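Presented below is the structure to which this report refers.
Chain A is the first sequence line, chain B the second, and so forth, proteins listed ahead of strands; every chain is numbered from 1. The shown structure was predicted, so the numbers you read here are calculated from the model rather than taken from an experiment.
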2 protein chains.
Amino acid sequence: MKNDSEQKIEECYCPIQKTLALIGGKWTLSIIRELSSGSKRFSQLQKSLPGISPKTLSSRLQELEKEAIVAKQVFPEVPPRVEYSLTSKGEGLKKVLQDLLKWGTENLKEGY
Amino acid sequence: MKNDSEQKIEECYCPIQKTLALIGGKWTLSIIRELSSGSKRFSQLQKSLPGISPKTLSSRLQELEKEAIVAKQVFPEVPPRVEYSLTSKGEGLKKVLQDLLKWGTENLKEGY
DNA sequence: CGGTATCCTGGCTGATACTG
DNA sequence: CAGTATCAGCCAGGATACCG
């Protein structure tokens, strides 16, 4: 009763590695969490994530945008305004994160 | 219909980070995959994972053992024999990896 | 065989300054 | 405001040698 699903994993790990590489960055999950509650501007994200450098934030945002996890909307105003938000893919990713959270909570040793 | 599960993620990411840190190592998934098909010896793992250094293999194995993902069994023989295998926790982790694989396959851009 | 001890390197990240 | 450019530091991981 577990054979069907178990086979796949043993054959192909590449998409898993890619997914981990994508969400495994130091700040990536935090960024996704911040955007879970609605779209935010670059500077808002910076304030919400104490310690992140603009360079890192920019990089992570670009990666996530490239994979269509977050959407970037530019408002042609002065001063410039840019808003980032989760796409439906990003919402789907949250599902996976739930499972990760569940497993981690149930199986990881505490007390660090 | 999605509110209940989504809340948690926005409140606590620590176990997710820990889980990612645990399985995010360069070779960790491959090690788990190798052990999926049954217990293996240190040297067998080395052969199955071309390019891994004994130091790295040892480190990953220790981490996984520490979190009870893999079990280490020492046979007091000459020459020494040690076998590593997945524990039930490790099997449970495979479930999560399935979801990761599914999401990655469906949502990640191809062509690298 | 099954590791540990050392040394070393590349890439990610942080800090900071600067620009459109 | 929303980034990019530049430089420096840390650390996972690689190479290699050695040990019980």
Side-chain angles (χ1 to χ4, degrees), chain A residues 13 16-35 38-67 69-86 112, chain B residues 13 16-35 38-67 69-86 112:
Chain A
Y13 259 82
I16 304 185
Q17 297 274 20
K18 285 183 186 176
T19 305
L20 289 180
L22 180 63
I23 65 178
K26 182 177 176 181
W27 294 96
T28 315
L29 289 175
S30 302
I31 292 172
I32 293 173
R33 183 190 55 217
E34 287 303 319
L35 294 180
S39 65
K40 285 213 170 75
R41 305 175 61 165
F42 193 90
S43 54
Q44 282 182 300
L45 286 170
Q46 266 189 303
K47 281 169 203 153
S48 308
L49 305 169
I52 195 173
S53 66
K55 175 188 161 190
T56 300
L57 178 55
S58 178
S59 298
R60 294 297 80 76
L61 248 15
Q62 284 181 22
E63 290 173 9
L64 293 171
E65 192 193 351
K66 181 182 164 197
E67 292 296 343
I69 305 305
V70 309
K72 175 181 181 176
Q73 187 176 11
V74 181
F75 297 85
E77 306 173 351
V78 177
R81 188 164 119 237
V82 178
E83 292 196 348
Y84 294 92
S85 57
L86 280 189
Y112 287 90
Chain B
Y13 260 83
I16 303 185
Q17 298 274 20
K18 285 183 186 174
T19 305
L20 288 179
L22 179 64
I23 65 177
K26 181 175 176 181
W27 295 96
T28 314
L29 289 175
S30 302
I31 292 171
I32 293 174
R33 183 190 55 217
E34 288 303 319
L35 295 180
S39 65
K40 285 214 170 76
R41 304 175 64 166
F42 193 91
S43 53
Q44 283 183 298
L45 286 171
Q46 267 190 302
K47 281 170 203 152
S48 308
L49 305 168
I52 195 173
S53 66
K55 175 190 160 190
T56 300
L57 178 54
S58 180
S59 297
R60 293 297 81 75
L61 247 15
Q62 284 181 22
E63 290 173 8
L64 293 172
E65 192 194 352
K66 181 182 165 197
E67 292 296 343
I69 305 306
V70 310
K72 174 181 181 176
Q73 187 176 10
V74 181
F75 297 86
E77 307 173 351
V78 177
R81 188 164 119 237
V82 178
E83 293 196 347
Y84 295 91
S85 57
L86 279 189
Y112 287 90

Please check the phosphate of dC1(C) (OP1 and OP2 only) for any side-chain N or O of R41(B) closer than 4.0 Å.
->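 Negative; the distance criterion is not met.
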Would you indicate what Q62(A) reaches in the nucleic acid, counting non-hydrogen atoms under 4.0 angstrom: base, sugar-phosphate, or nothing?
->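 Sugar-phosphate, backbone atoms only, no base.
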Just checking Q44(B): base, sugar-phosphate only, or nothing, at a heavy-atom cut-off of under 4.0 Å?
->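 Since no nucleic acid heavy atom lies under 4.0 Å of Q44(B), the category is nothing.
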Atom-pair distance ([atom1] on [X]; [atom2] on [N]), nearest Å:
X	N	atom1	atom2	result
L61(B)	dG3(C)	CG	C1'	10 Å
Q73(B)	dG3(C)	CD	P	13 Å
Y84(B)	dC1(C)	OH	P	14 Å
L45(B)	dG2(C)	CG	P	9 Å

List for me each residue that meets side-chain hydrogen bond (donor to acceptor under 3.5 Å, both in side chains) alongside E77(A), sequence neighbours excluded, and say none if there are none.
->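 Partners of E77(A) by the side-chain hydrogen bond (donor to acceptor under 3.5 Å, both in side chains) criterion, ordered by chain and then number, come out as R81(A).
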How close do V70(A) and Y84(A) get, heavy atom to heavy atom, and via which atoms?
->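 Closest pair (atom of V70(A), atom of Y84(A), distance): CG2-CD2, 4.5 Å.
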Span of DNA chain D, from the first to the last nucleotide whose atoms fall under 4.0 Å of chain B heavy atoms =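 Result: dG13(D) to dG20(D).
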Mark yes or no for whether [X], through its side chain, and [Y], through its backbone, hold a donor-acceptor pair below 3.5 Å.
X	Y	result
S58(B)	P54(B)	no
S59(A)	K55(A)	yes
K40(B)	E34(B)	yes

Start with the C-alpha distance between L22(B) and L64(B), add both sets of side-chain angles, then the distance that settles side-chain contact (heavy atoms from CB on, under 4.5 Å), and finish with yes or no.
-> CA-CA 8 Å; L22(B) 179 64; L64(B) 293 172; 4.1 Å; yes
Steps toward side-chain contact (heavy atoms from CB on, under 4.5 Å) verdict (L35(A), L45(A)) | CA-CA 8 Å; L35(A) 294 180; L45(A) 286 170; 4.0 Å; yes
Is K66(B) paired with E63(B) through a side-chain N to carboxylate O contact shorter than 4.0 Å?
->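 No, E63(B) and K66(B) are not salt-bridged.
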In B/S/- notation, 5' to 3', how is nucleotides 9-20 of chain C contacted by protein heavy atoms closer than 4.0 Å?
-> ----BBBB---B
